Amino acid sequence: MEEIDIKLRADGVQKKVISPGKGEVSTFPNGTKVKFHYRTSLCDGTVLDDSRTMGGLSKPMELILGKKFKLPVWEQVVTTMREGEIAEFTCDVKHTALYPLVSLSLRNISHGKDPLEGQRHCCGIAQVHSHHSMGHPDLDKLQVNPQPLVFTLEMLEILPPGSYQLEIWAMTDEEKLQVIPQIHEEGNALFKSGDISAASEKYYNAIACLKNLQMKERPGDDHWIKLDLMITPLLLNYCQCKHLLGQYYEVLDHCSSIINKYDDNVKAYFKRGKAHAAVWNEAEARADFAKVIELDPSLETSVAKELRTMEDRIREKQKEEKGRYKNLFNYNSKASATASTG
């Protein structure tokens, strides 16, 4: 271990073992999967990220060694650890320059967003030297002024190659394209069984995977369009889940993004119309439902049902508001009478 520590120090990494863990240090051949919790801090102790609290999920990081993770120093330091070990690694700036991009992806994932959201279509180094805001003040500051960082890692599990099922993010581009239809079907099965949250996660994973592939293509090229046509039905299914989960504004955003590209997509107009109705945007809902009938007259009965539901909700809301105003008026009248006789 002393030899490993000397090698780390020579490369600008200082290791401090907090808890030694158990067993021998693995040989960590390529393909080894490691699961660990991490906390990233500035040298003054300011915490940037903590996997135990990020997004309220307490979800550990998973890496497959040899897959060229964006932050190579993590692959380097985990290979010095045993299962159960907790260690602190202070890393020089040369190892941490890309951390803002990695952090942005991890934060997006923890909040159910596209891991590439907020990143420009350019290489990591170009983004580091740009003045493009990442939407997080702490990451913007770190991007402009790179600093040494302290990574506190707790090694939870070390899985040798062949002992686990390969996850989608670790697949080659060809493997990802082959597995997407399977994930789509798994999402559909979960949806039919009533597990809407799990179905939503399946659709999200497939969409994120395809968007990752799409980032490697020139927008508008044949392959980019082919991938986009694969994304669209998945995104519509995802919107259906989000509507059932009450996340109407996310449905509005996604459906609008589809309509901006494909202005004849009936399902996008229909789902957006339902979302508008759910958040009391009556005029917008009526416009979307009218467009649905224009594009597909056979859906007139379905649209009429949605309009009746919306109108019933509006009448009920108006009735409740009228009752509240009446009670408020009565209260004010009584208060005035009491004041005048006091």
Side-chain angles (χ1 to χ4, degrees), residues 55-56 111-114 117 183-207 228-229 231-336:
H111 288 92
K113 297 179 181 178
D114 181 351
E117 185 176 312
I183 299 173
H184 196 159
E185 285 304 314
E186 289 171 357
N188 291 349
L190 287 165
F191 185 89
K192 288 175 185 175
S193 73
D195 195 343
I196 307 304
S197 292
S200 173
E201 187 174 352
K202 285 285 183 184
Y203 296 138
Y204 168 80
N205 288 339
I207 291 164
D228 208 56
L229 292 173
I231 289 169
T232 300
L234 285 161
L235 190 53
L236 288 168
N237 287 0
Y238 181 73
C239 286
Q240 179 75 0
C241 294
K242 289 298 177 181
H243 188 99
L244 291 171
L245 294 170
Q247 297 175 19
Y248 307 119
Y249 288 102
E250 190 169 349
V251 177
L252 292 175
D253 287 343
H254 290 310
C255 287
S256 294
S257 73
I258 293 171
I259 290 166
N260 286 339
K261 288 182 286 187
Y262 309 106
D263 61 2
D264 61 348
N265 192 300
V266 179
K267 289 183 178 180
Y269 280 109
F270 191 81
K271 293 182 192 300
R272 192 174 74 173
K274 288 180 67 175
H276 274 308
V279 296
W280 310 105
N281 297 338
E282 182 183 2
E284 291 86 349
R286 289 187 181 280
D288 278 347
F289 287 138
K291 189 69 175 179
V292 170
I293 295 172
E294 177 189 326
L295 292 169
D296 188 350
S298 70
L299 291 174
E300 188 169 354
T301 301
S302 297
V303 166
K305 182 181 176 183
E306 294 298 333
L307 287 172
R308 280 196 301 273
T309 300
M310 179 179 71
E311 288 160 359
D312 288 345
R313 288 180 68 241
I314 290 171
R315 277 194 294 272
E316 187 63 30
K317 184 185 179 187
Q318 289 171 340
K319 185 178 177 182
E320 289 175 5
E321 288 177 347
K322 187 176 180 181
R324 281 200 298 270
Y325 291 141
K326 184 179 180 181
N327 292 337
L328 181 64
F329 178 77
N330 289 339
Y331 172 79
N332 288 337
S333 297
K334 288 178 182 177
S336 298

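Not measured: the values here are computed from a predicted model.
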(message) Strictly below 4.0 Å, N to O, side chains only: are Arg313 and Glu316 in salt-bridge contact?
(response) no
(request) Give me the one residue out of Glu250, His243, His254 that meets side chain to side chain donor-acceptor pair (under 3.5 Å) with Tyr238. (result) Glu250
(message) I need the Lys291 NZ to Asp296 CG distance, nearest 0.5 Å.
(response) 12.5 Å
(message) With a 4.5 Å cut-off on side-chain heavy atoms, are Tyr269 and Asp263 touching?
(response) yes
(request) With sequence neighbours excluded, give me every ring pair (Phe, Tyr, Trp, His ring centres under 6.0 Å) pair touching residues 274-301. (result) Phe270-Phe289
(request) With side-chain contact (heavy atoms from CB on, under 4.5 Å) as the test, would you mind laying out the steps for Val292 and Ser302 before giving the verdict? (result) CA-CA 10 Å; Val292 170; Ser302 297; over 6 Å; no
(request) Working to the nearest 0.5 Å, report the span between CZ of Arg315 and CD of Glu320. (result) 13.5 Å
(request) Check Cys241 against Ala199 and note the closest heavy-atom contact, atom names and distance. (result) SG-CB, 4.1 Å
(request) List the steps and the verdict of side-chain contact (heavy atoms from CB on, under 4.5 Å) for Thr301 and Lys305. (result) CA-CA 6 Å; Thr301 301; Lys305 182 181 176 183; 5.9 Å; no
(message) Any salt bridge linking Lys202 with Glu185? Criterion: basic side-chain nitrogen under 4.0 Å from a carboxylate oxygen.
(response) no
(request) Tell me, with the steps shown, if Glu300 and Val303 meet side-chain contact (heavy atoms from CB on, under 4.5 Å). (result) CA-CA 5 Å; Glu300 188 169 354; Val303 166; 5.7 Å; no
(request) Can you see which heavy atom on Leu234 is nearest to which on Ala206, and at what distance? (result) CD1-CB, 3.8 Å
(request) Could you grab the distance from atom NZ of Lys261 to atom OG1 of Thr232, nearest 0.5 Å is fine? (result) 5.5 Å
(request) Report yes if the side chains of Asn281 and Tyr248 come closer than 4.5 Å at any heavy-atom pair, otherwise no. (result) no
(request) Rounded to the nearest 0.5 Å, what's the gap from CG on Leu299 to CD on Glu294? Could you check? (result) 13.0 Å
(request) For residues Asp288 and Cys255, determine if any side-chain heavy atom of one lies less than 4.5 Å from a side-chain heavy atom of the other. (result) no
(message) Just verifying a value: how many Å separate Arg272 CZ and Asp253 CG, rounded to the nearest 0.5 Å?
(response) 10.5 Å
(message) Are there over 12 heavy-atom neighbours, none belonging to Tyr249, within less than 6.0 Å of that residue's OH?
(response) no
(request) Check whether any side-chain heavy atom of His184 lies under 4.5 Å from a side-chain heavy atom of Asn188, and answer yes or no. (result) yes
(request) Taking the side chain as every heavy atom from C-beta outward, state whether Leu236 and Gln240 have any pair of such atoms under 4.5 Å apart. (result) no
(message) Please determine whether the number of non-hydrogen atoms from other residues, nucleotides or ligands lying under 6.0 Å from atom CD of Glu186 exceeds 12.
(response) yes
(message) Distance check, rounded to the nearest 0.5 Å: Cys239 atom SG versus Asn237 atom CG?
(response) 9.0 Å
